[in-house]
Amino acid sequence: MKSSFLRTALVLGLLSAIGPFAIDMYLPALPSIGQSLGASMSAVQASLMAFFISMGLGQIIYGPVSDMLGRKVPLYFGLVLFGAGSVGCALAPDIHTLVVLRFIQGLGACAGMVIPRAVVRDLHTGHDAARLMSLLMLVFSVSPILAPLTGSLLIEWAGWRSVFWAVTLAAVLGLALTATSLPETRPPAERAQSSLGGAARAYGSLLRDGHFMGLVMIGAFGIASFFAYLANSSFVLIDHYGLSPRAYSIAFAANAASFIGVSQFTGRLAQRFGLVAVVKVAVSGYALTMGALLALNLAGVDALAPMLVLLFIGYGFLGLVVPTTSVLALDAHGAVAGTASALMGTLQFATGAVLMAVVGLFVDGSARPMLVGIAGAAGLAALLTAITLRHPAPAPTPAG
């Protein structure tokens, strides 16, 4: 049973990491892409935003389809589409073509984001789901820890286009894992109860569920704050603070290691203190840390060292927020786990894209716009936590 649990976490984590891998390997390349294609900073960031937008929108489709057809068929389709988009990006002749192909690539990648969460909910609820989700995130950590460094080495060796050939290989690996190591967790009897009309009604019901929406948006603002860092950190750390692409990759990996390392305590802390208590403490710690970082900057402390230290601490807290809010949000919605997971992912990516766009309006070459976006989103997450978790959660439905 233990080996099966770990194998499931390994496969789901690797599938979930394919989309983020296409983001994290890409980050050190942003300045060189602009130089290569003669594009402005905002145009290059548009290629990143296109990926995020399609990652969010596509989940609305994949979730209900995975409830109706099972988990594996839409996963196959998404991985093939992601691979085709990756090949196109590697051959893109200009920034406009790259933006369009990144959008297509994101439509494929989002299958690997929404479906593994639904599989977790198919199999487990409560503490077991939190433990599986945290293990999934441990495997998922291969992307933010290793991908930026791998990307920077590839860029130095073979140029930025080699990044897309690498993620094409990741899509091929994902297809092989899905075919050989992932069982179908949505039985035909349960699929028969799902339909497009049922999905529309489920979306309506979920949108009216204040507890579900509150938990989703707590996680969404937490993830959006990280997206603001993703979109701006390479320009801030490389151009403003003078780090090399490789040094930037190490700094980025340190934050990811904090996020993932602390997330591994999720199951143990939830079992001892309860999921709700973990969320409350983690969100408060995250908001206070990011608020302190912004306060230092506003006070005139524009130094790299305190920023890296506080980001490291803050993203440790965020590592507890994301898995716990996901588990709590899905616990009471097992019958429509794919649809609920899709809505969660869409709102998270949409919130992240909006925050990226807003921060982009105020980019001035300094760290301040990025820090305002991060701290503002963390503060909104803390406010929603206080509102949402005043009342007890609905009882979870049994896992399949």
Margin query: For a 4.5 angstrom cut-off between non-hydrogen side-chain atoms, does His211 reach Leu328?
Written below: no
Check: Between Leu98 and Ile33, is any pair of side-chain heavy atoms under 4.5 Å apart?
Finding: yes
Check: Is Ser205 reaching over with its side chain to a backbone N or O of Arg201, donor-acceptor style, under 3.5 angstrom?
Finding: no
Next item on the list: Please test Leu294 against Ile374 for side chain to side chain contact (heavy atoms under 4.5 Å, CB included), starting from the C-alpha separation and ending with a verdict.
Entry: CA-CA 9 Å; Leu294 176 60; Ile374 291 172; over 6 Å; no
Next item on the list: Classify the angle between the aromatic ring planes of Phe226 and Tyr315 as parallel (below 30°), tilted (30 to 60°) or perpendicular (above 60°).
Entry: perpendicular
Note to self: Side chains of Ser162 and Trp157: any donor to acceptor distance under 3.5 Å?
What the structure shows: no
Notebook entry, point to check: So which heavy atom on Val167 is nearest to which on Ser86, and how close?
Noted result: CG2-OG, 3.5 Å
Note to self: Check for me, please, whether Met356 and Phe362 land in the same ILVMFWY cluster - side-chain distances under 4.5 Å, paths through other members count.
What the structure shows: no
Notebook entry, point to check: Side chains of Gln59 and Leu343: does their closest heavy-atom pair fall under 4.5 Å?
Noted result: no
Check: When rounded to the nearest 0.5 angstrom, what is the spacing between CD1 in Ile95 and OG in Ser47?
Finding: 5.0 Å
Note to self: Is there a path of hydrophobic side-chain contacts, each under 4.5 Å between heavy atoms of I/L/V/M/F/W/Y residues, joining Trp165 to Leu153?
What the structure shows: no
Checklist line | Close side-chain approach of Ser244 and Ile238, heavy atoms under 4.5 Å | finding: no
Checklist line | side-chain contact (heavy atoms from CB on, under 4.5 Å) partner of Ile218, chosen from Val322, Ile223, Leu384 | finding: Leu384
Check: With no hydrogens and no angle check, is any side-chain donor or acceptor of Arg161 less than 3.5 Å from a backbone partner on Ala92?
Finding: yes
